[in-house]
Amino acid sequence: MSSRQRLFRWLYRLGFTPWDGHPLAHSLTKLVEGTSHPLSPPGTALDLGCGTGDNAVYLARHGWRVTGVDYVVKPLKKARAKAGGLPVIFVKADVTQLSSSGIGAGFQLIIDSGCLHGMSAPDRDAYVREVSAVAAPGAQLLIVAFIPGASMGVPGIGFDEVQRRFKGGWTLLSSGDEPAMDQNGTSRARHYLFAHSA
C-alpha cells in the first residue's frame with residue numbers, strides 16, 4: 001500500500017474529507033449539458049477517484065452508464081447509497097492499475113475531479129498509461145486539478161506538466177480556470193479536456 005493510500009484511508013477514518021461536498025465542476029456540467037464538445041448520446045463513463053460518488057451520480061442522471069473507482073472502501077459505501085437504482089457501479093480499484101482491476105475498457109468519457117493533482121511523479125506516469133489503456137478511441141478525458149501551491153497538502157499540477165504527460169495519444173481540446181474551485185476570488189484549479197486520438 002502506498003503512502004498516498006494510507007493517508008486517504010486515515011483521513012476517511014477521521015472524517016476529515018474537505019474534498020467532499022464541493023460543487024460540481026463547471027467544466028463537467030458544461031461538457032455534459034452544453035454544446036462546446038457534444039457528448040451525445042451518453043455512453044460509458046469512468047469516474048477516477050470517485051470518492052462518495054457525486055460526479056458519478058450526476059453523470060448517471062444524465063443517461064451515462066458509469067463506473068466509479070476509488071481505492072478506499074468507506075466512501076464507496078456512501079457512493080452506492082447515493083446512487084440508489086441509477087446505472088452506476090462503484091469498484092475498489094487503484095487508478096494506477098486500471099487495466100488489471102477488472103473494470104473493463106472502452107470508456108467514452110473519463111473524468112478526474114481531484115485525483116491526478118495529488119499523485120507522485122511515478123504514480124502520474126502509471127495513471128496516464130492506465131487511463132490510456134481503458135479509454136475508447138475518441139474518448140474524452142476531463143481533468144480538474146489544483147495548480148501547484150493552491151492547496152495545502154496537495155502538490156498540484158501545472159499546465160505544462162499536464163500537456164507533457166498527455167502528449168502521446170491525446171489531443172488537448174480546451175483548458176481554463178475552474179470557477180467551482182475558486183476561493184476568495186482566487187483561481188486555484190484548472191480544467192483540461194482531451195480527446196483520445198489513439
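These values consider heavy atoms only, across backbone and side chains, with no hydrogens, waters or symmetry-generated copies. Treat the numbers as computed from the prediction; the structure is a model and nothing was measured.
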Hey, what do you get for [atom1] ([X]) to [atom2] ([Y]), rounding to the nearest 0.5 Å?
X      : Y      : atom1 : atom2 : answer
Thr29  : His62  : OG1   : NE2   : 8.5 Å
Asp94  : Asp123 : CG    : CG    : 7.0 Å
Ser174 : Lys30  : OG    : NZ    : 7.5 Å
Thr67  : Leu59  : OG1   : CG    : 11.0 Å
Arg190 : Glu178 : CZ    : CD    : 10.5 Å

For Ala126, check side chain to side chain contact (heavy atoms under 4.5 Å, CB included) against everything at least two apart and list the hits. Thr96, Arg129

What residues, two or more places apart in sequence or in another chain, satisfy side chain to side chain contact (heavy atoms under 4.5 Å, CB included) together with Lys167? none

Could you pull out all residues at least two apart from Arg165 that satisfy salt bridge (Lys or Arg N to Asp or Glu O under 4.0 Å)? Asp125, Glu161

Measure across Leu109 and Trp64 and return the closest heavy-atom pair with its distance rounded to 0.1 Å. CB-CZ3, 3.7 Å

For residues Ala79 and Gly51, report the shortest heavy-atom separation together with the two atoms involved.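 In this case the closest contact between Ala79 and Gly51 is CB-O, 3.8 Å.
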
Apply the test side chain to side chain contact (heavy atoms under 4.5 Å, CB included) to residues Tyr58 and Glu33: give CA-CA distance (whole Å), side-chain angles for both, the deciding distance (0.1 Å), then the verdict. CA-CA 11 Å; Tyr58 166 77; Glu33 300 175 45; 2.5 Å; yes

Between Asp54 and Lys82, is a salt bridge (charged side-chain N to carboxylate O under 4.0 Å, His left out) present by the stated rule, with each step listed? CA-CA 8 Å; Asp54 291 340; Lys82 283 182 186 178; 2.5 Å; yes

With no hydrogens and no angle check, is any side-chain donor or acceptor of [X] less than 3.5 Å from a backbone partner on [Y]?
X      : Y      : value
Asp47  : Ala56  : yes
Asp70  : Val72  : yes
His191 : Ile143 : no
Gln108 : Thr44  : yes

With the side chain counted from C-beta on, respond yes when [X] and [Y] share a heavy-atom pair under 4.5 Å apart, and no when they do not.
X      : Y     : answer
Asn55  : Leu28 : yes
Cys50  : Leu76 : yes
Glu130 : Val95 : no

Please enumerate all residues that pass side-chain hydrogen bond (donor to acceptor under 3.5 Å, both in side chains) together with Tyr127, with sequence neighbours excluded. Asp112

Hits for side-chain hydrogen bond (donor to acceptor under 3.5 Å, both in side chains) against Ser132, two or more places apart or cross-chain, chain-then-number order -> Trp170

Return the set of residues passing ring-ring contact (aromatic ring centres under 6.0 Å, His included) with Phe194 (not counting sequence neighbours), or none when no residue passes. Phe166

